[in-house]
Amino acid sequence: MKFTQKLLVAALTVGGVAHVSAQSKFEGPFVQGAVGYTNVSSKFNETVTVGSQTSNPENFSANNLSVLTGNIGAGYNFRVAPQWLIGVSVDYMPTASGSASTNISFAKFPSLGVTGSYQMKNPYNLSVMPGYEISPNQLVYGKVAYTGASVVYSDANIAATSTNMTGYSLGFGYKQALENQFYVFAEGLYTKFQDQTASVSGPAGISNLSLTVGASGYTFLVGAGYRF
């Protein structure tokens, strides 16, 4: 009798798991696209070397890069427990962002200020996303991503110079299933890039010039997707 009861409990448990899986609107492969807004704070520092002398005397300021953004992506959600999923995904923005202005000023020669600009190009995320199904039609998830992008800087003295940046993103999101395997979602991310230094082409007479770039920012997205 006890054996029969245990067998019945096991069968009901397995059946319950299968039922949850069958009802899921999020398990499996998906593609999606999103649009939104990003605000990136960047810092720049020039180091100039002439002969054996190295200096970086400029006051280098940069406005925040506040622009519209978007991406396209694909991924797969794996079920690891009733109501729990683990997703992996890649997303990519195939265009460059708008630009923000920069300024280099000299304390002793304020009239010799140099204005420039920078933009962010082709950002991407390689993500892991733990998710919890509030209901068969609702999913909340966290996001941990390896993030990359190029920052392109130029001014009157320096030709457009691209610096490859890598770092991490942390965030969370919400998905709402619709009819016919479509869904909509909203997502927020914080991104931190590691500082990178690039050699650049400076004005004549300078033997070496390097540009150090650092950046971090927030992104908010809304979009739609399809689960196969």
From CA spacing to verdict: ring-ring contact (aromatic ring centres under 6.0 Å, His included), Y153, F44: CA-CA 9 Å; Y153 171 81; F44 298 88; 5.3 Å; yes
Closest contact, heavy atoms only, F220 versus G188: CD2-CA, 4.1 Å
Euclidean distance, M165 CE relative to S216 OG, rounded to 0.5 Å: 9.5 Å
Euclidean distance, N39 CG relative to S66 OG, rounded to 0.5 Å: 3.5 Å
Any donor-acceptor pair under 3.5 Å from Q196 side chain to T163 backbone: no
From CA spacing to verdict: side chain to side chain contact (heavy atoms under 4.5 Å, CB included), T219, T69: CA-CA 8 Å; T219 301; T69 189; 4.0 Å; yes
Neighbour count >12 (heavy atoms, 6.0 Å) for atom OH, Y218: no
Taking every non-hydrogen atom, the tightest pair across D195 and G214: OD1-CA, 3.3 Å
Residue pair Y76 / E27, side-chain donor-acceptor N/O under 3.5 Å: no
Verdict with reasoning, S89 to F30, per side chain to side chain contact (heavy atoms under 4.5 Å, CB included): CA-CA 9 Å; S89 72; F30 62 87; 4.1 Å; yes
Nearest-0.5 Å distance that lies between atom OG in S101 and atom CG in N64: 10.5 Å
Y37 reachable from L189 in the ILVMFWY side-chain graph, under 4.5 Å edges: no
Cluster link V140 to V80, ILVMFWY, side chain under 4.5 Å: yes
Pairwise side-chain contact, F78 with W84, heavy-atom cut-off 4.5 Å (strictly under): no
K192, NZ: over 12 other non-hydrogen atoms inside 6.0 angstrom: yes
Cluster link V144 to Y168, ILVMFWY, side chain under 4.5 Å: yes
Side chain proximity check, L65 to T38, heavy atoms < 4.5 angstrom: no
K175 to Y141, cation-pi by 6.0 Å centre distance and 45° axis angle: yes
Spacing of L211 atom CG and N45 atom CG [to the nearest 0.5 Å]: 8.0 Å
Side chains of M93 and N122 in contact at under 4.5 Å (non-hydrogen atoms): no
Student check: side-chain heavy atoms of F60 and K43 closer than 4.5 Å: no
Single-linkage hydrophobic cluster V151~I158, side-chain heavy atoms < 4.5 angstrom: yes
Heavy-atom donor-acceptor pair, S97 side chain to M120 backbone, under 3.5 Å: yes
Check: T102 side chain, A100 main-chain N or O, donor-acceptor pair, under 3.5 Å: no
Closest contact, heavy atoms only, G70 versus L221: CA-CD2, 4.5 Å
Trace of the side chain to side chain contact (heavy atoms under 4.5 Å, CB included) decision for Y174 with E187: CA-CA 7 Å; Y174 170 80; E187 186 174 284; over 6 Å; no
Heavy atoms from other residues, nucleotides or ligands near OH of Y92 exceed 12 (cutoff 6.0 Å): yes
Minimum heavy-atom distance between S127 and K143, given as atom pair plus value: OG-CE, 3.0 Å
Considering all heavy atoms, the nearest T191-S169 contact: OG1-OG, 2.7 Å
I104 CD1 to N59 CG distance, which is reported to the nearest 0.5 Å: 9.5 Å
Main-chain N/O of F26 paired with N77 side-chain donor or acceptor, under 3.5 Å: yes
Reported OG1-to-CG distance for the pair T147 and N125, which is rounded to 0.5 angstrom: 4.0 Å
V213 reachable from V152 in the ILVMFWY side-chain graph, under 4.5 Å edges: no
Side chain to side chain, L178 and V184, heavy atoms closer than 4.5 Å: yes
Side chain to side chain contact (heavy atoms under 4.5 Å, CB included) between S42 and Y118, worked out: CA-CA 9 Å; S42 298; Y118 73 98; 3.3 Å; yes
The single option from R79, Q138, K25, Q83 passing side-chain hydrogen bond (donor to acceptor under 3.5 Å, both in side chains) against E133: R79
Closest heavy-atom pair and its distance - G33, F185: O-CE2, 3.8 Å
